[in-house]
Structure formats: C-alpha cells, structure tokens
There are 2 protein chains.
Amino acid sequence: MIDHEGPTPLYVQVADAIAARIDAGELPPNRPIPSENQLVQEYGVARGTARKAIQLLRERGLVITVVGRGTYVAATNDGPTATR
Amino acid sequence: MIDHEGPTPLYVQVADAIAARIDAGELPPNRPIPSENQLVQEYGVARGTARKAIQLLRERGLVITVVGRGTYVAATNDGPTATR
DNA sequence: GTGCATTTGTGCGTATGTATA
DNA sequence: ATATACATACGCACAAATGCA
C-alpha cells in the first residue's frame, strides 16, 4: 500500500491513498477521515507525515479540517456540517 | 520515579509505573486509574506523554478506556492473586 | 431539562535528536 | 545543505461523551 523505499515521498503516497478512498466512496462527503493517530496506525507512518498528507489534501480542497473534531471529506456544495 | 534524562522514553516509564501499581494491587480490576490530568501532575509529564503511556497499557490489554469516564484496570483475570 | 465539571478525543504548533537520501 | 522521515516531548485550544447536581 505504502512504499517506504520508493522515490515518492510518504506523505504524498498517504495523501494519494486517502484521496483514492474518497474517490472510491469509502470516505463519503461530510464524513470524517481517519484521525492523525489512526493514519499513523493504518499506514505505519509518523505523525508528522500523516499531518503533511492531510495538509496536502486540504490544499487540494478534498478535505476540511475542524479543530477539536477532525478532518472531513469536502462536500461539493456544502460545508462540514454533518456527522452527528 | 521517572527519569527525565535517561534513555528510556518517558511514556514507557509512566506505563511501567502504572503497570507496577496495577500489579501491586494498588489499582484493582474494574477500578479507574488516574486520569490523564492526574498522571500529568503525578509524574510531571505532558498530557500527550500520559496518553501515550495509557495507549501502551491498552495495547498490553491491561486497561480499558471509556470516553467521558476514564480508563479502567482490565477485569480479565490477572489480578495480583488470581490463580485460576 | 439545563448547566457544570470531569475525562477522553482531536488537532495545531513547536522543539529536539537521529537517520537517510 | 536540504528534504524527507521517524521518535520523542512539550503546551495549548476546542469538541464530544459522561455523570451529577
């Protein structure tokens, strides 16, 4: 899943992996993506790497982060106003 | 009690210290261990360090965490005198 | 019911040290 | 030298679940 030896930076790989899960519908709009700690567990990377990956997704407009709650899949027409 | 300068990570030292207290019967099964904030006070570490120590104990199966309530000593056998 | 206090969950930012490419 | 990556550690703020008055 994640190639620790390849030329592509880990945080890019993690970001792409999450993007793929979003694209596949596994992570639907307005739903939270795994927390930083969960990403650390799932992908076997350091927290800094997970954070960089999320930051990348944020810059791509794929996710929205809410402090104290988590990071959510961006809705095409709506904000992060779900998850109850 | 906790060596802030030694080679052993603080969260490991804290986890071991709590495990010892469990083993000594000071923290009996089904009873709560000190809260994260209390551990911060008692051991003079950051909350993140206390959380990591608890996470370690959770992975060892020594404790169980309940959101909004606290972390409890696991009830599964393994008391100080639980020969069964 | 409503509000408060407690406790855990999550994220932000930063820092040091080590190691590799 | 710079970028990447891991591990550890600190402090802070906000959010959510729980329990109690």
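Only a predicted model underlies this, so the values are computations on that prediction, with no experimental measurement involved. Quick note on labels: first sequence line is chain A, next is B, and so on, each numbered from 1.
A:Leu27 pairs in a side chain to side chain contact (heavy atoms under 4.5 Å, CB included) with only one of the listed residues (A:Val63, A:Ile18, A:Leu62), which is A:Ile18. The only member of B:Lys52, B:Arg58, B:Arg60 that meets side chain to side chain contact (heavy atoms under 4.5 Å, CB included) when paired with B:Leu56 is B:Arg60.
If A:Gly68 and A:Val45 are placed on DNA chain D by their nearest nucleotide, the residue sitting closer to the 5' end is A:Val45.
The shortest distance between the side-chain N/O atoms of A:Arg58 and the OP1/OP2 oxygens of C:dC12 is below 4.0 Å. OP1 or OP2 of D:dG19 has at least one side-chain nitrogen or oxygen of B:Arg69 nearer than 4.0 Å. Contact annotation: A:Tyr11 side-chain N/O to D:dT4 OP1/OP2 distance is under 4.0 Å. Contact check, B:Lys52 against D:dA9: no side-chain N or O comes under 4.0 Å of OP1 or OP2. Remark: A:Thr49 is not in phosphate contact with D:dT4, judged by side-chain N or O atoms under 4.0 Å from OP1 or OP2.
For the pair B:Gln13 CD and D:dT8 P, the interatomic distance rounds to 12 Å; values are reported in whole Å. Regarding A:Gln41, its CD atom lies at a distance of 15 Å from the C1' atom of C:dT10, rounded to whole Å. We find that CG of A:Asn37 is positioned 12 Å from C1' of C:dT8, with the value rounded to whole Å. Nucleotide D:dT8 holds its P atom 11 Å from the CD atom of B:Gln55, rounded to whole Å. We find that OH of A:Tyr43 is positioned 19 Å from C1' of D:dC6, with the value rounded to whole Å. In this structure, the CD1 atom of B:Ile33 is 12 Å from the C1' atom of C:dT8, given to the nearest Å. What separates CZ of A:Arg51 from C1' of D:dA7 is a distance of 15 Å, to the nearest Å. Rounded to whole Å, atom P of C:dT8 lies 13 Å from atom CG of B:Leu57.
Listed nucleotides D:dA9, C:dG9, D:dC6 differ in distance to B:Arg47; the shortest reach to its side chain belongs to C:dG9. Checking D:dT4, D:dC10, C:dG11 against the side-chain heavy atoms of A:Glu36 singles out C:dG11 as nearest. The side chain of B:Val67 sits closest to C:dT8 out of C:dT14, C:dG11, C:dT8.
Residue A:Gly6 is classed as having no contact, given no heavy-atom separation below 4.0 Å to the nucleic acid. Residue contacts for A:Gly70: at a heavy-atom cut-off of 4.0 Å it reaches the sugar-phosphate backbone alone, with no base atom in range.
Across the strands present, C:dG1 finds no partner; the criterion is a Watson-Crick or G-U wobble pair with both atom distances under 3.5 angstrom.
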Point to revise | B:Asp16 and B:Thr8: CA distance, side-chain angles, deciding distance, side-chain contact (heavy atoms from CB on, under 4.5 Å) verdict | key: CA-CA 11 Å; B:Asp16 288 343; B:Thr8 307; 5.5 Å; no
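Put simply, CD on B:Glu36 and CZ on B:Arg47 are 4.5 Å apart, with the number rounded to the nearest 0.5 Å.
Residues B:Thr71 and B:Leu57 have side chains not in contact (no heavy-atom distance under 4.5 Å, counting atoms from C-beta outward).
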